[in-house]
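All values below were derived from every heavy atom in this structure, side-chain atoms included, with hydrogens, water molecules and symmetry-related copies excluded. Order of appearance sets the numbers: ligands from 1, and atoms from 1 within every ligand.
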Amino acid sequence: MRFTKVIQGLEYTEVKLMKIIIAVLAAAVFCAPAGAVDQAGIERRVNALLSRMTLEEKLGQLQQLAGEANGDLHPEHLVLAKKGALGSTLHVRGAARVNELQKAALASRLKIPLLFSFDVIHGYRTIFPVPLAETASWDTDIVREAASVAAAESRAAGIRWTFAPMVDIARDPRWGRIVEGSGEDTWLGSAMARARVNGFQGADYSAPGKIAACAKHWAAYGAAEGGRDYNSTDVSERTLREIYFPPFKAALEEGVATFMSAFNDLNGVPATANRWLMTDILRKEWGFQGFVVSDYTAVDELINHGIAADGAEAAAKALTAGVDMEMVSRSYNSEGARLLKEKRISPAQLDEAVRRVLRVKFRAGIFDSPLADEKEEADVLLAPAHLKAARNAAVRSFVLLKNDGALPLSGALSSIAVIGALAADKEAPLGPWVGDGRARDTVDILRGLRERAGAGIKVSYSPVGGPLDKSTDFSGALEAARGADAVIAVVGENQEMSGEASSRSSLALPGNQLELLKALRAAGKPVIAVLMNGRPLEIGWLADNLSAVLEIWHPGTMAGGAVADVLFGDASPGGKLPFSWPRATGQVPFYYNHRNTGRPANPDAKYSSRYLDLAITPQFPFGYGLSYSSFTLSGFELSASVIPAKGSLIASALLENVSSRAGDEVVQLYIRRKAASSTRPVRELRGFTRVTLLPGEKRRIEFKLGHKELGFLDEKFRFKVEPGELTVWISTSSEGGLTGSFRVSK
Ligand code: NOJ
């Protein structure tokens with residue numbers, strides 16, 4: 001029997017829903033690797049425990065409170081934990097502190113352990129490159145490894161749950177949190193979401209060294225109007241489903257344990273009170289089994305949004321929408337009893353939220369091993385293998401934007417001038433989320449270069465010029481540069497200029513850095529710019545006037561060594577941009593996969609979609625990046641010229657390293673559909689691979705194009721492959737490349 005329901009214009013069937021649930025359970029029981037989760041046993045334990053809980057204990061499980069920023073616990077939390085009135089904390093970290101608080105929870109009536117959480121975004125103590133940078137590696141193995149190291153260190157410090165990955169798509173780099181995600185592209189972002197969830201959780205997040213992950217911020221937080229953090233969003237259902245949702249779905253398919261509700265208003269209903277998001281999509285359509293935590297005080301912020309008159313209404317709206325755990329504000333706990341009495345929430349709704357939290361706690365294994373091993377922690381944090389992985393990830397994340405031959409540095413040079421405050425900054429390389437990272441662990445750029453240069457090369461340094469430096473006296477820098485064979489200026493943003501609550505109205509290079517570069521150039525010096533930043537900046541002048549520009553992002557603890565590896569040519573850069581680099585702030589929002597419009601941009605046609613005063617092209621396109629090697633692509637082939645809607649074909653091209661250096665190239669596959677039932681982007685990434693080739697080596701690169709790559713949502717949001725003509729490109733960025741076309745038959 002089929003019961004068809006229509007929810008918000010979306011068709012789904014209960015039969016389909018049941019199939020999803022059965023498939024999830026079957027996957028857990030039959031397909032999971034040995035030693036993986038006993039789903040049925042967990043459900044029994046959850047229900048048995050739930051049946052013994054008082055109302056206060058149930059509400060307690062839904063409360064998460066923050067410890068001190070430095071990792072200390074709050075004395076009140078000991079009291080609440082002992083009463084069974086606390087479910088989770090954030091910030092509290094370090095095996096000894098975690099154990100102290102956990103022991104209080106274990107002394108409570110039902111001994112339900114706490115779930116210790118923390119923002120482990122790109123490393124716990126060993127800090128890896130910021131997520132945007134990791135994504136620029138276009139290397140899912142590196143990204144998985146980074147998350148895996150972060151999980152191992154977190155777990156050793158008592159953390160069992162991270163608020164990562166952030167999978168928000170960002171099309172507007174004024175938004176400071178672009179640094180925390182994977183940039184503008186859904187396909188790339190989804191691949192990175194899978195890799196990160198897998199790195200944190202593995203197949204079973206109770207396993208040693210693994211922790212539960214959290215897909216955030218559900219949803220469309222990155223679409224903040226004007227790029228201003230926390231701002232409202234207004235996004236069509238098609239754009240949500242095609243652009244913003246897929247990385248969340250990818251995280252879910254990878255088994256992510258939890259979701260976080262976003263701060264923003266979405267189409268008039270704040271995400272934290274948005275039943276369509278939390279229940280209709282997440283639970284009913286996608287079959288999510290874990291729990292949803294609100295963002296920090298987001299439940300009480302429903303009052304500011306103007307959708308709740310007071311804490312009681314805020315709690316009722318969030319809980320009934322499907323937000324299970326409340327972070328930091330306390331309205332579930334203070335108002336829960338009253339809301340039940342007044343029947344504004346039902347006992348079943350409350351029980352379901354508690355059940356979801358307990359399920360994750362059981363799956364995380366904290367009932368069976370609630371305490372951290374205090375002896376292990378010191379050995380795991382900053383382990384040599386972790387530092388090595390962080391350095392390698394940083395090297396692979398760098399993107400060479402320009403090079404007139406100045407890089408790699410010549411073996412014959414005898415002196416280098418290093419310029420700029422950022423070169424000796426130990427905080428900026430860590431980026432805006434530092435986990436438990438310490439500036440004292442950072443190998444800054446200057447140190448890295450000095451260590452690599454050794455006794456044979458003189459390295460002079462001037463701290464003149466920086467993101468906060470307003471001075472116009474560049475004499476110190478000019479003096480350092482004067483006799484040097486090479487001038488390396490480290491410029492960009494400091495630690496505070498991107499990340500949460502760090503939106504900027506201008507993408508200009510901050511402080512006096514542009515003037516500094518102009519002064520160095522005017523003194524006749526060829527300059528190599530090393531760019532440290534969490535977002536694209538206006539660097540047109542740099543691209544036109546400097547010898548080389550290397551994007552290093554915020555590279556993490558091992559920044560200096562990694563920069564030295566690449567500048568001296570011990571490693572070749574091979575990263576690619578995960579966003580379209582604008583020429584000027586006025587171009588944003590800016591993304592390569594835009595629709596064509598009825599009057600496509602044409603610089604020479606007045607009545608076309610262009611600016612009078614600004615080019616329509618990017619400074620550097622999405623997917624762009626150079627290397628010290630040279631590659632050619634040739635021999636484009638499609639294995640078929642016509643395929644049925646359920647069929648597939650192979651697109652391939654021959655990649656050759658035509659230089660005398662080994663190096664990496666990221667080969668990318670894009671498609672375009674010219675006529676379809678809805679307007680489609682001018683190009684969409686549908687495949688990529690990063691390959692290393694030795695000098696003279698050739699390799700045929702193949703991409704399969706099937707249902708997943710060719711389908712899109714029809715007018716009822718059903719994923720389908722429509723008949724019609726498709727163009728395919730195999731290229732090394734989102735511009736140009738080898739091309740051909742094929743047809744999907746009726
Ligand atoms: C607010 C941020 O939006 C979120 O990403 C983070 O996980 C929480 N604070 C907890 O620190």
Side-chain angles (χ1 to χ4, degrees), residues 63-74 77 87-93 114-124 130-132 147 150 154 159-170 175-182 193 196-197 200 211-224 227-233 244 247-248 251 256-266 270-272 277 290-302 304-305 318 323-330 431-437 496 498-503 534:
Q63 181 69 61
Q64 180 182 71
L65 293 173
E68 305 296 341
N70 69 3
D72 273 347
L73 53 94
H74 200 290
H77 300 174
S88 172
T89 63
L90 69 153
H91 297 329
V92 180
R93 59 190 184 276
L114 297 165
L115 187 54
F116 290 96
S117 70
F118 191 41
D119 288 287
V120 181
I121 309 298
H122 52 109
Y124 177 79
V130 288
L132 188 64
S154 306
I159 297 299
R160 305 295 285 255
W161 175 27
T162 176
F163 298 133
M166 188 193 95
V167 299
D168 298 314
I169 295 296
W175 188 55
R177 300 195 82 170
I178 186 175
V179 69
E180 286 178 59
S182 288
R196 291 195 168 106
V197 171
F200 286 127
I211 58 175
C214 179
K216 73 184 187 186
H217 307 81
W218 177 242
Y221 179 45
R228 198 154 45 78
D229 206 6
Y230 315 124
N231 204 4
S232 302
T233 60
Y244 290 94
F248 286 94
V256 74
T258 65
F259 268 55
M260 184 185 290
S261 76
F263 282 129
N264 54 289
D265 182 315
L266 176 62
T272 301
L277 278 180
F291 73 82
V292 177
V293 63
S294 79
D295 204 340
Y296 206 99
T297 63
V299 172
D300 276 7
E301 288 172 24
L302 295 177
N304 278 346
H305 276 291
V323 174
D324 305 302
M325 182 182 275
E326 182 176 6
M327 187 192 290
V328 175
S329 58
R330 303 188 187 205
W433 279 114
V434 294
D436 198 54
E496 306 285 320
S498 64
E500 188 178 348
S502 300
S503 295

Note, Phe118 side chain near Leu90 side chain (heavy atom, < 4.5 Å):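 When only atoms from C-beta onward are counted, Leu90 and Phe118 do not touch, as no gap falls below 4.5 Å.
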Could you check ligand 1 for N or O atoms lying under 3.5 Å from protein N or O atoms and list the pairs with distances?
unit_1   : atom_1 : unit_2 : atom_2 : d
ligand 1 : 3 (O)  : Arg177 : NH1    : 2.7
ligand 1 : 3 (O)  : His217 : NE2    : 3.4
ligand 1 : 3 (O)  : Asp295 : OD1    : 3.4
ligand 1 : 3 (O)  : Asp295 : OD2    : 2.5
ligand 1 : 5 (O)  : Arg177 : NH2    : 2.8
ligand 1 : 5 (O)  : Lys216 : NZ     : 2.8
ligand 1 : 5 (O)  : His217 : NE2    : 2.7
ligand 1 : 7 (O)  : Asp119 : OD1    : 2.6
ligand 1 : 7 (O)  : Lys216 : NZ     : 3.1
ligand 1 : 9 (N)  : Asp295 : OD1    : 3.4
ligand 1 : 11 (O) : Asp119 : OD2    : 2.4

My understanding is that only residues two or more places apart in sequence, or in another chain, count here; which of them pass side-chain hydrogen bond (donor to acceptor under 3.5 Å, both in side chains) with [X]?
X: Tyr221; value: Arg177, Asp229
X: Glu326; value: Ser329
X: Tyr230; value: Glu500

Ser502 side chain to Glu496 side chain, donor-acceptor N/O pair below 3.5 angstrom: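 Their side chains do not contain a donor-acceptor pair, so the 3.5 Å distance test is not met.
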Carboxylate-amine/guanidinium proximity below 4.0 Å for Arg93 and Asp119: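 Not counted as a salt bridge, because no side-chain N and carboxylate O are separated by less than 4.0 Å.
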